[in-house]
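Computed over heavy atoms, backbone and side chain alike; hydrogens, waters and symmetry mates excluded. Numbered from 1 within each chain, the chains take letters A, B, ... in sequence-line order.
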Amino acid sequence: MKRTILVAVAFLGLAGCVTGPPGGSGPLVIGGSITNPISATQVYQLESAYEAAFLIPAAAYVNLGLCPGASRSTFAAPCAERVIVRKIQGVKRVADLALGKLRAFVLRYPTLDATSYFTLAWQAVESAKAIMAASR
Amino acid sequence: MGWVTMIMALIEFAPKAIKIGMEIKPVVERIVESIRTKKEPTPEDWAVLDEAKAKYSAIIDKPVPEDGPFVDANDR
């Protein structure tokens with residue numbers, strides 16, 4: 001029974017690779033091309049969004065200068081709190097690593113599925129953006 | 001906080017906010033252009049992105065001391 005189910009699943013899987021000639025007539029051919037759902041363009045857009053939504057505001061925040069001692073930033077005397085700067089550096093390390101891996105994978109293997117790398121990078125960028133939103 | 005302090009703070013903040021906006025604008029334009037044309041990024045596009053990342057990373061990744069101001073890597 002198990003074997004029958006496995007064979008059926010294998011056939012269903014192969015059915016996804018069956019392509020016919022344009023127009024729908026003629027013999028069916030196994031082995032159609034696979035398109036990567038994540039393109040280099042999307043990676044470029046994600047990295048650009050990371051730059052605009054995280055890197056630029058984070059650099060501006062750090063450029064405020066560190067608060068003296070353990071004092072906190074106020075509206076009248078804005079400064080970069082050490083705790084927040086360290087958090088920014090932490091999420092940046094994670095995001096840079098994830099984005100680097102994603103870009104390397106997509107450029108090197110354009111026909112392989114990079115969804116898992118993209119998801120990781122996307123989550124890292126979202127965390128980075130959340131840190132910046134919380135520090136405003 | 002008094003009105004005078006608030007207005008003084010706003011006056012101080014406004015140029016910084018404008019500066020950030022001016023830096024973000026070309027990046028947003030790049031994203032919009034990329035979405036519109038769906039064009040594959042060229043090596044030059046990646047180079048521009050990497051250059052900007054390096055520039056901002058140099059600012060963000062400065063070591064944070066327990067007390068006192070930032071320490072430049074060259075001064076350590």
Side-chain angles (χ1 to χ4, degrees), chain A residues 36 39-71 73-93 95-97 99-100 103-104 106-107 110 128 131-132 135-136, chain B residues 1-13 15-71:
Chain A
N36 190 349
S39 66
T41 312
Q42 283 166 303
V43 177
Y44 177 75
Q45 287 166 6
L46 179 66
E47 287 197 34
S48 299
Y50 170 66
E51 184 193 340
F54 175 72
L55 288 180
I56 295 174
Y61 181 79
V62 172
N63 266 343
L64 288 174
L66 287 173
C67 298
S71 63
S73 176
T74 60
F75 192 65
C79 55
E81 292 178 25
R82 283 157 215 275
V83 182
I84 294 174
V85 174
R86 286 198 190 102
K87 271 188 195 169
I88 287 172
Q89 290 175 342
V91 290
K92 183 183 170 296
R93 263 194 296 276
D96 282 348
L97 194 68
L99 286 169
R103 191 203 289 191
V106 169
L107 294 183
I131 291 279
M132 277 324 294
S135 65
R136 274 181 204 141
Chain B
M1 183 190 294
W3 281 104
V4 177
T5 320
M6 195 178 277
I7 290 166
M8 292 294 282
L10 279 176
I11 289 168
E12 197 186 326
F13 262 126
K16 285 178 184 163
I18 291 169
K19 189 171 169 282
I20 295 171
M22 296 293 277
E23 282 183 62
I24 290 175
K25 191 171 170 262
V27 185
V28 173
E29 281 172 353
R30 265 186 358 228
I31 298 170
V32 171
E33 183 68 12
S34 171
I35 292 169
R36 197 174 60 79
T37 60
K38 295 187 180 73
K39 184 174 70 78
E40 188 101 344
T42 60
E44 288 77 34
D45 293 331
W46 290 117
V48 168
L49 196 62
D50 287 338
E51 199 179 311
K53 275 169 100 175
K55 178 183 150 194
Y56 296 117
S57 294
I59 298 167
I60 297 168
D61 291 335
K62 279 189 237 174
V64 184
E66 284 305 313
D67 200 4
F70 280 116
V71 182

For [X], is it the side chain, the backbone, both, or neither that has a heavy atom closer than 4.5 Å to a heavy atom of chain B?
{"X": "A:Arg103", "answer": "side chain"}
{"X": "A:Leu46", "answer": "neither"}
{"X": "A:Ala80", "answer": "neither"}

Salt bridge between B:Arg36 and B:Glu33, side-chain N to carboxylate O under 4.0 Å? yes
Donor on one side chain, acceptor on other, B:Ser57 and A:Lys92, under 3.5 Å: yes
Which heavy atom in [X] sits nearest to a heavy atom in [Y], and how many Å separate them?
{"X": "B:Ile31", "Y": "A:Ser48", "value": "CG1-CB, 3.4 Å"}
{"X": "B:Ile59", "Y": "A:Val62", "value": "O-CG1, 3.5 Å"}
{"X": "A:Val106", "Y": "A:Ala40", "value": "CG1-N, 3.7 Å"}

Taking side chain as everything from C-beta outward and backbone as N, CA, C, O, which of these in B:Lys19 sits under 4.5 Å from a heavy atom of chain A? Side chain, backbone, both or neither. neither
Side chain, backbone, both or neither: which part of B:Lys39 has an atom under 4.5 Å from a heavy atom of chain A? backbone
Please identify, among B:Lys55, B:Lys38, B:Lys53, B:Glu23, the residue contributing the most non-hydrogen atom pairs under 4.5 Å to chain A. B:Lys53
Do you know which of B:Val48, B:Ile24, B:Leu49, B:Ile20 has the most heavy-atom pairs under 4.5 Å to chain A? B:Leu49
For the side chain of A:Glu47 and the backbone of A:Gly100, is there at least one donor-acceptor N/O pair under 3.5 Å apart? no
